[in-house]
> 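Before I ask anything, let me first share the structure, which is written out below as structure tokens.
In what follows, chains carry the letters A, B, and so on, assigned in the order in which the sequence lines appear, proteins first and then strands, with residues in each chain numbered from 1.
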Amino acid sequence: MKNLVIVESPAKAKTIENFLGKDYSVKSCFGHVRDLSPKFLSINVDEGFSPNYEISPDKTKVVKDLTKAAKESETVWLATDEDREGEAISWHLVEALKLDESKTKRITFHEITKTAVTEAITNPRAIDKKLVDAQQARRVLDRLVGYELSPLLWKKIKPALSAGRVQSVAVRLIVEREETIKKFQSSSYYRIIASFEIDENSNATIINTELSKRFDTKEEAIAFLEKCKNSEFKVINTEKNPLKKSPAPPFTTSTLQQEASRKLGFSVSKTMMVAQQLYESGNITYMRTDSLNLSNLAISMAKKEIITQFGEKYVKTRKFTSKIKGAQEAHEAIRPTYLNKPQVKADASQKRLYELIWKRTIASQMSQAELEKTTITIDVSNAKENFVARGEVIKFDGFLKVYLESTDDVKENGIEKGILPPLKINDILFRKNIIAEQKFTNHTPRYSEAALVKKMEELGIGRPSTYAPTISTIQKREYVVKQDKIGEERNYDYISLISNDIEEVQKTEITGQIKSKLFPTDIGKLVNDFLLQYFDDVIDYNFTAKVEKEFDEIAAGKKVWNEMIHEFYGPFHAKIDDTLKNSSKFIGERLLGKDPKTDKNIFVKIGRFGPMVQMGDTDSEEKPRFAGLKNGQSLDTLTLDDALDLFKFPYAIGTFEDEELTVAIGRFGPYVKHNKLFFSLSKTDDPLTITEKRAIEIIEEKRKKEKEKTIKEFKENKNLKVLNGKWGPYISLNKTNYKIPKDKDAASLSLDECLKIVDDAPKKKGKKKYKSTK
DNA sequence: CAGTGAGCGAGCTTCCGCTTGACTT
């Protein structure tokens with residue numbers, strides 16, 4: 001083969017191969033092929049921070065294959081992405097494949113079209129070493145921060161924690177949002193809404209309005225209603241204003257995650273998984289991008305499709321440019337590969353996500369929507385306040401025909417905007433009813449996963465390829481949890497004026513009900529407090545923006561990368577050493593009081609396995625008693641009474657089948673123990689008040705489920721079972737599971753066959769590996 | 001899954017960004 005072209009993604013390789021013809025072989029390197037070893041710091045701090053790179057274990061085969069292919073080629077074209085990471089990937093390829101510089105060429109393109117690719121081939125260049133240095137600075141900085149801060153946390157707080165430039169700021173956002181919510185004081189006000197009839201004798205046409213003023217107290221609201229009793233209501237102003245709305249730009253990774261979350265209820269990782277499938281099946285362009293750009297080819301395809309479907313006047317092509325800090329724009333925006341395909345044949349999730357992408361892309365090239373806003377002001381003769389009616393009429397739908405972006409804002413159930421009846425100044429209206437409704441101010445909402453991504457992108461923290469992994473990391477570390485919250489009932493005043501009667505009633509509403517929002521945990525809060533106290537500069541919201549600026553200077557040749565690192569590392573490392581030596585354990589310990597029975601001190605603090613209470617002093621001769629906190633309890637709100645309750649476990653609640661039933665709280669929450677077996681309580685069971693009857697119910701439920709799961713049992717060997725699991729049938733023997741070969745029918749296996757499968761199964765690899773990924 | 005928590009000390013944990021399978025048992 002004459003030419004070897006190397007790109008990052010295999011799907012991209014396949015597409016490009018078709019553009020270039022038979023003289024070119026296109027292969028993929030699957031992203032970075034070398035990195036710092038995860039086992040060590042791998043940076044020679046005293047030798048100019050020189051990094052020790054090694055071929056990543058999962059890339060040895062790729063490197064071997066590419067080295068061979070390169071040897072057999074006349075020219076190697078490095079076509080990795082056109083950004084800092086892409087440049088570094090190319091440089092690492094030169095090093096790892098030991099490429100001969102004279103036959104190596106670097107090319108870039110940021111859209112996968114035939115023109116872009118063939119043009120790139122005619123404009124090769126050398127590797128930009130300054131840009132590579134900027135990437136090395138980024139890599140080394142992240143490693144130093146992550147691998148020096150994390151061990152400090154292990155020593156001062158608890159093992160296996162982590163900190164980093166990106167994740168720690170993400171946690172901070174969630175912790176601080178929770179603090180503002182905690183501080184928030186809801187206040188109430190009275191909103192007045194009124195409906196009027198245009199004609200005294202018929203109720204055919206009704207106009208809904210809201211008073212321009214909101215009252216702070218019930219008395220003021222009632223006083224106003226009193227005034228309305230004998231008032232005349234007269235139109236004193238009508239106003240019509242044209243309004244134009246423009247479509248949102250096409251999707252980037254971050255906006256796709258947000259809209260898929262709002263419109264389809266997808267988690268950030270689900271969106272990425274489904275998008276990956278669409279990408280691999282050739283239905284959409286690359287899904288990890290921060291670019292808003294559409295290729296000319298895509299725009300003309302969109303134009304054609306819009307004309308076919310909606311007509312010429314719905315077309316308005318546009319080029320969007322990114323306003324996001326640090327956007328690197330190595331790809332196109334996320335769009336359908338073929339815009340004349342509004343749907344794809346695939347599973348339900350893929351179909352829905354694809355349609356969303358199709359609509360958003362098409363809408364971005366459509367005409368503005370034209371609306372007319374109408375405002376009618378109504379005078380109240382006995383009061384100085386006015387009622388206002390707002391209407392909105394779509395004159396031309398434009399892009400709204402296809403797509404409207406959603407928002408995260410909580411909607412106040414206001415007066416719906418629609419067409420208003422034709423009214424003139426001095427028209428008299430007839431009061432039908434006027435209602436004063438008590439309303440409450442709401443705190444800022446907690447972050448959803450996607451809303452957090454949006455915030456991170458605004459701060460320039462993280463990249464399209466890391467948003468989803470970062471969000472799963474901070475959940476895996478148990479710094480934050482994704483939770484629902486059940487709403488609470490709340491009473492509110494509802495005062496109506498109908499005819500001449502003012503009637504006051506109390507109504508109830510459900511408030512504060514939320515789904516899948518991020519809450520900080522005790523550990524998350526504690527780690528954040530620690531970092532804030534000792535390393536506030538690193539978790540400053542502007543830290544990334546500040547270092548990004550320096551990376552840019554390195555790329556521009558105005559700064560030397562390891563000098564920049566040196567300037568950061570000096571004070572940073574000194575602070576690490578100082579904190580290590582001079583600060584005490586940081587475990588949020590709080591004295592709650594004394595146990596009334598033993599007079600021993602009771603504390604709450606973070607232990608090796610999370611939040612716990614402790615009875616007795618650590619330095620006393622007698623070993624203290626410990627107990628874990630229940631789900632939903634928190635380090636900073638736990639009371640002495642809560643703690644005393646926790647020390648009641650384990651306790652007996654009755655007997656079942658001649659065996660004692662005991663309740664306790666363990667590693668995985670509250671459970672009932674019966675005959676050496678454990679049965680988890682459900683979230684709605686309170687371990688302090690659970691009855692014998694309920695415990696037995698739980699045991700029988702679990703037994704029933706076990707039974708349903710069982711496909712086959714053997715009298716001869718009680719330990720061996722054929723079970724039905726998440727990934728289909730499998731064999732379970734002494735708590736170890738074995739895969740059933742695809743050509744075997746699970747239900748008809750004999751005991752001997754099962755034992756043969758167990759014997760033939762490959763021996764388990766080191767257990768450590770499994771634990772670390774858990 | 002499993003009922004731990006001091007202290008002793010071994011040996012472990014950890015970052016961000018670029019990419020997919022292999023695999024879950």
> Check the phosphate of B/dT20 against A/S9, side-chain N and O only, distance under 4.0 Å to OP1 or OP2. Yes or no?
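Checking B/dT20 against A/S9, a side-chain N or O does come within under 4.0 Å of OP1 or OP2.
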> What nucleotide among B/dC18, B/dT19, B/dG17 has an atom nearest to a side-chain atom of A/P10?
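So the nucleotide nearest the side chain must be B/dT19.
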> When all nucleic acid strands are considered with a 4.0 Å heavy-atom cut-off, which category describes A/E148: base, sugar-phosphate, or nothing?
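Here A/E148 touches no strand at all.
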> Nearest-Å distance, CG (A/L36) to C1' (B/dC15)?
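One finds 10 Å between C1' of B/dC15 and CG of A/L36, rounded.
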> Considering only side-chain heavy atoms of A/F30, which listed nucleotide, B/dG21, B/dC18, B/dT14, is closest?
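Comparing B/dG21, B/dC18, B/dT14 against the side chain of A/F30, the answer is B/dG21.
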> Contact class for A/G31 (heavy atom, under 4.0 Å): base, sugar-phosphate, or nothing?
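Touches a base.
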> Using a strict 4.0 Å threshold on nitrogen-to-oxygen distance, state whether A/K549 and A/D552 make a salt bridge.
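Between A/D552 and A/K549 there is no salt bridge, as every charged N stays at least 4.0 Å from the carboxylate O atoms.
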> B/dC16, B/dT20, B/dA2: which one has an atom nearest the side-chain heavy atoms of A/Y286?
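Looking only at side-chain atoms, A/Y286 lies closest to B/dT20.
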> For the NE2 atom of A/H331 and the OG1 atom of A/T252, what is their distance to the nearest 0.5 Å?
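Rounded to the nearest 0.5 Å, the NE2-OG1 separation comes to 13.0 Å.
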> Looking at every strand, decide which applies to A/D58 at a 4.0 Å heavy-atom threshold: base, sugar-phosphate, or nothing.
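The answer is nothing, as A/D58 stays clear of every strand by at least 4.0 Å.
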> What nucleic acid atoms does A/R477 come within less than 4.0 Å of, heavy atoms only: base, sugar-phosphate, or nothing?
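Sugar-phosphate only.
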> Just N and O in the side chain of A/R84: are any of them under 4.0 Å from OP1 or OP2 of B/dG17?
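It does not, given that no N or O in the side chain of A/R84 lies less than 4.0 Å from OP1 or OP2 of B/dG17.
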> Is A/Q135 touching bases, backbone alone, or none of the nucleic acid, heavy atoms closer than 4.0 Å?
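The answer is nothing, as A/Q135 stays clear of every strand by at least 4.0 Å.
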> Starting at OH of A/Y147 and ending at P of B/dT13, how long is that distance when rounded to a whole Å?
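Atom-to-atom, A/Y147 to B/dT13, this comes out as 8 Å.
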> Would you mind classifying the nucleic acid contact of A/Y279 as base, sugar-phosphate or nothing, using non-hydrogen atoms under 4.0 angstrom?
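A/Y279: backbone/sugar contact only, no base atoms under 4.0 Å.
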> Are there more than 12 heavy atoms of other residues, nucleotides or ligands under 6.0 Å from atom CG of A/N631?
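Open: at most 12 neighbouring heavy atoms sit under 6.0 Å from CG of A/N631.
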> What contact category does A/V166 fall into here, base, sugar-phosphate, or nothing, at under 4.0 angstrom with non-hydrogen atoms?
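It contacts sugar-phosphate atoms only.
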> Could you state the atom-to-atom distance from CD of A/E280 to C1' of B/dT19 in whole Å?
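Nearest whole value for this atom pair: 11 Å.
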> Reckon A/R143 touches a base, only the sugar-phosphate, or nothing at all at heavy-atom distances under 4.0 Å?
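It contacts base atoms.
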> Taking the six-membered ring of A/F679 (Phe, Tyr or Trp), confirm whether the NZ or CZ of A/K702 is under 6.0 Å from its centre and within 45° of its axis.
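Positive - A/K702 is close enough to the ring of A/F679 and near enough to its axis.
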> Side chain of A/R139, base of B/dC15: donor and acceptor closer than 3.5 Å?
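It does, because a donor-acceptor pair links the side chain of A/R139 to the base of B/dC15 below 3.5 Å.
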> Could you tell me whether A/D540 and A/K546 have a side-chain N and a carboxylate O separated by less than 4.0 Å?
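Here A/D540 does not pair with A/K546 in a salt bridge, since their nearest N and O are not under 4.0 Å apart.
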> Please classify the nucleic acid contact of A/F649 as base, sugar-phosphate, or nothing, using heavy-atom distances under 4.0 Å.
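If one applies the 4.0 Å heavy-atom cut-off, A/F649 turns out to touch nothing in the nucleic acid.
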> When you check the gap from the basic side-chain N to the acidic O, do A/R165 and A/D142 get nearer than 4.0 Å?
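Yes, this pair counts.
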> Does a salt bridge link A/R84 with A/E548, judged by any charged N lying under 4.0 Å from a carboxylate O?
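Between A/E548 and A/R84 there is a salt bridge, with a charged N closer than 4.0 Å to a carboxylate O.
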> Quick one: A/I6 CD1 to B/dC18 P, roughly how many Å, whole number?
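About 19 Å, once rounded to whole Å.
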> If you find the nucleotide of DNA chain B closest to A/S465 and the one closest to A/P38, which residue's nucleotide is nearer the 5' end?
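Between the two, 5'-proximity favours A/P38.
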> Contact class for A/T466 (heavy atom, under 4.0 Å): base, sugar-phosphate, or nothing?
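Contact class for A/T466: base.
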> Please report, rounded to the nearest Å, how far the P atom of B/dG11 is from the NZ atom of A/K39.
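Whole-Å distance recorded here is 16 Å.
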> Mind checking A/P159 for me? I need base, sugar-phosphate or nothing, with any heavy atom below 4.0 Å counting as a touch.
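The residue A/P159 makes base contact.
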> Under 6.0 Å between the ring centres of A/F535 and A/F572?
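Under 6.0 Å, so yes.
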> Rounded to the nearest angstrom, tell me the gap between atom CD in A/E457 and atom C1' in B/dC16.
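Result: 17 Å.
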> In this structure, how many angstroms lie between the P atom of B/dC15 and the CD1 atom of A/I576, rounded?
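After rounding, the reported distance stands at 14 Å.
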> Have a look at A/T473 and say if it touches a base, only the backbone sugar-phosphate, or nothing, with a 4.0 Å heavy-atom cut-off.
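Sugar-phosphate: the residue A/T473, judged by heavy atoms under 4.0 Å, touches backbone atoms but no base.
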> Can you find a side chain N or O atom of A/R34 that sits less than 4.0 Å from OP1 or OP2 on B/dT19?
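The answer is no; no side-chain N or O of A/R34 sits under 4.0 Å from OP1 or OP2.
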> Considering only atom C1', compute the distance from B/dT24 to B/dC1 and round it to an integer number of Å.
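16 Å, rounded to whole Å.
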> Would you mind reading off the distance between A/M287 atom CE and B/dC18 atom P, rounded to a whole angstrom?
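Whole-Å distance recorded here is 12 Å.
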> Would A/K12 and A/D81 pass as an ion pair if we require N to O under 4.0 Å?
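The answer is yes: the pair qualifies as a salt bridge.
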> Is A/S28 touching bases, backbone alone, or none of the nucleic acid, heavy atoms closer than 4.0 Å?
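If one applies the 4.0 Å heavy-atom cut-off, A/S28 turns out to touch nothing in the nucleic acid.
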> For nucleotides 5-7 of chain B, which of its nitrogen or oxygen atoms have a protein nitrogen or oxygen under 3.5 Å away, and what is each distance?
from	atom 1	to	atom 2	distance (Å)
B/dG5	O6	A/G628	N	3.3
B/dG5	N2	A/G610	O	3.1

> Under the side chain to side chain donor-acceptor pair (under 3.5 Å) definition, can you give me all pairs with a residue in residues 85-95 of chain A, not counting sequence neighbours?
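Side chain to side chain donor-acceptor pair (under 3.5 Å) check on residues 85-95 of chain A returns A/H32-A/E85, A/R34-A/H92, A/T80-A/S90, A/E85-A/Q135, A/E85-A/R138, A/E87-A/R106, A/E87-A/R125.
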> Give one of base, sugar-phosphate or nothing for A/K158, where a contact means two heavy atoms less than 4.0 Å apart.
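It contacts nothing in the nucleic acid.
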> Side-chain donor or acceptor of A/R138 under 3.5 Å from a matching atom on the base of B/dC16?
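A donor-acceptor contact between them is present.
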